Amino acid sequence: GDDPRAVVSNRAKLVEDLCLPSEPVWLEQVHSNKVICADDLAAGQSVQADASIASKQGVVCVVMTADCLPVFICNNAGTEVAVAHAGWRGLHAGIIANTVKAMNSSVDALLVSLGPAIGAGEFEVGEDVLTAFVDKNSANRSAFVSTTKGHYLCDIYQLARTELRSIGVEKIAGGN
């Protein structure tokens with residue numbers, strides 16, 4: 001519902017203010033597990049996905065979040081980068097694992113930073129979300145604390161860490 005002219009203006013200001021080498025590849029985020037390679041897309045092009053990867057110098061990957069978790073990934077050399085938009089639906093659908101799989105770097109060469117997101121003491125979910133995650137991986141149970149009958153506080157950071165470790169990624173920062 002934003003004014004399209006304001007969006008264009010704000011995006012241009014972002015590129016200028018941050019001295020970006022190019023306009024970002026904008027994602028039309030839909031809480032999916034779809035990952036795209038930004039290397040071959042035109043700067044400023046919008047694509048429906050929730051993560052992007054790049055290995056060409058000057059390509060800018062971006063996600064927009066409010067309470068969802070931005071997950072930043074790069075290899076040790078900094079020659080491959082990725083960013084994922086991980087809300088609970090995307091996390092459950094495997095957006096983080098799909099992003100790591102789409103990268104050419106080995107998991108032991110990856111560094112992950114978990115950005116700002118809704119805190120574990122604020123993100124209340126229902127029994128359906130708890131069940132979905134525990135059915136996927138019993139280790140996810142540790143990310144939920146019961147509040148009242150059928151309601152739980154969910155630690156989205158813990159869910160991300162559990163998924164990352166389950167696919168072999170150990171160098172994880174952020175989310176404190």
Side-chain angles (χ1 to χ4, degrees), residues 1-18 20-56 58-75 80-105 110-120 122-126 128-129 132-133 136 140 143 154-164 166-167 169 172-175:
D2 291 336
D3 177 348
R5 293 175 304 216
V7 171
V8 169
S9 175
N10 287 335
R11 288 179 175 183
K13 184 173 175 12
L14 177 80
V15 172
E16 183 180 329
D17 289 354
L18 296 179
L20 298 178
S22 65
E23 185 174 347
V25 173
W26 297 100
L27 302 179
E28 182 185 331
Q29 299 165 193
V30 292
H31 299 278
S32 70
N33 64 2
K34 184 176 179 188
V35 181
I36 57 104
C37 179
D39 288 339
D40 301 321
L41 298 174
Q45 182 177 351
S46 179
V47 179
Q48 194 173 78
D50 282 274
S52 60
I53 61 171
S55 58
K56 284 186 181 175
V59 174
V60 179
C61 297
V62 64
V63 294
M64 296 180 290
T65 64
D67 53 358
C68 294
L69 175 64
V71 180
F72 304 94
I73 308 170
C74 70
N75 64 11
E80 187 176 33
V81 299
V83 63
H85 164 252
W88 79 260
R89 286 178 179 85
L91 273 171
H92 185 264
I95 189 63
I96 294 175
N98 283 1
T99 304
V100 168
K101 287 177 195 170
M103 298 179 77
N104 292 317
S105 302
L110 295 180
L111 308 169
V112 174
S113 180
L114 305 176
I118 192 166
E122 301 299 324
F123 185 33
E124 189 170 33
V125 298
D128 57 329
V129 176
F133 277 99
K136 181 179 178 183
N140 285 330
C154 174
D155 186 342
I156 200 165
Y157 292 105
Q158 183 61 34
L159 292 173
R161 284 188 201 96
T162 299
E163 180 158 355
L164 285 160
S166 75
I167 59 174
V169 177
I172 307 165

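All of these numbers come straight from a predicted model, not from anything done at the bench.
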Testing the basics here: between Val112 and Leu164, what is the closest heavy-atom pair and its distance to 0.1 Å? CG1-CD1, 3.7 Å

Val63 to Pro70 - nearest heavy-atom pair and separation: CG2-CB, 4.1 Å

Can you tell me how far apart CZ (Arg161) and CG (Asn140) are? Round to the nearest 0.5 Å. 12.5 Å

Can you tell me how far apart CD1 (Ile95) and SG (Cys68) are? Round to the nearest 0.5 Å. 11.5 Å

Any donor-acceptor pair under 3.5 Å from Ser9 side chain to Ala6 backbone: no

Return the NZ to CD distance between Lys34 and Glu28, rounded to the nearest 0.5 Å. 10.0 Å

On a heavy-atom basis, the closest approach of Ile167 and Ala97 is CD1-CA, 3.8 Å

Which heavy atom of Asn75 sits nearest to which heavy atom of Ser105, and what is that distance? ND2-OG, 3.1 Å

Backbone N/O of Met64 and side chain of Gln29: donor-acceptor pair under 3.5 Å: yes

So Ile36 and Leu41, side-chain contact (heavy atoms from CB on, under 4.5 Å) or not? Walk me through it. CA-CA 9 Å; Ile36 57 104; Leu41 298 174; 3.4 Å; yes

Would Ile53 and Cys61 satisfy side-chain contact (heavy atoms from CB on, under 4.5 Å), going step by step from the backbone distance to the final call? CA-CA 7 Å; Ile53 61 171; Cys61 297; 5.7 Å; no

Donor-acceptor under 3.5 Å (Asp2 side chain, Pro4 main chain): no

Taking the side chain as C-beta and beyond, is there a heavy-atom pair between Phe133 and Thr162 under 4.5 Å? no

In Å and rounded to the nearest 0.5 Å, what is the CG to CZ distance from Leu20 to Arg11? 12.5 Å

Consider only side-chain N and O atoms of Asp39 and Ser55, and report whether a donor and an acceptor are under 3.5 Å apart. yes

Under 3.5 Å, is there a donor-acceptor pair between the side chain of Tyr157 and the main chain of Leu69? no

Output, in order, the C-alpha distance, side-chain angles, deciding distance and verdict of side-chain contact (heavy atoms from CB on, under 4.5 Å) for Leu27 and Val62. CA-CA 7 Å; Leu27 302 179; Val62 64; 5.9 Å; no

Tell me, do Glu122 and Asp67 make a side-chain contact under 4.5 Å, heavy atoms counted? no

From the options Val15, Val59, Val60, select the one residue that forms a side chain to side chain contact (heavy atoms under 4.5 Å, CB included) with Pro21. Val60

First locate atom OG1 of Thr99, then atom NE2 of His85, and finally report the distance between them rounded to the nearest 0.5 Å. 12.0 Å

Check whether Ser32 reaches the backbone of Ala49 with its side chain - one donor and one acceptor, N or O, closer than 3.5 Å. no

If you compare all heavy atoms of Ala93 against all heavy atoms of Asn33, which two are closest, and at what distance to 0.1 Å? O-ND2, 3.0 Å

Of all heavy-atom pairs linking Val81 and Cys74, the shortest is CG1-CB, 4.0 Å

Can you tell me how far apart CD1 (Ile156) and CZ (Phe123) are? Round to the nearest 0.5 Å. 5.0 Å

For side-chain contact (heavy atoms from CB on, under 4.5 Å), just list the numbers for Lys136 and Glu163, CA-CA rounded to whole Å, side-chain angles, deciding distance to a tenth of an Å, and then say yes or no. CA-CA 10 Å; Lys136 181 179 178 183; Glu163 180 158 355; 3.9 Å; yes

Heavy-atom donor-acceptor pair, Gln48 side chain to Val30 backbone, under 3.5 Å: no

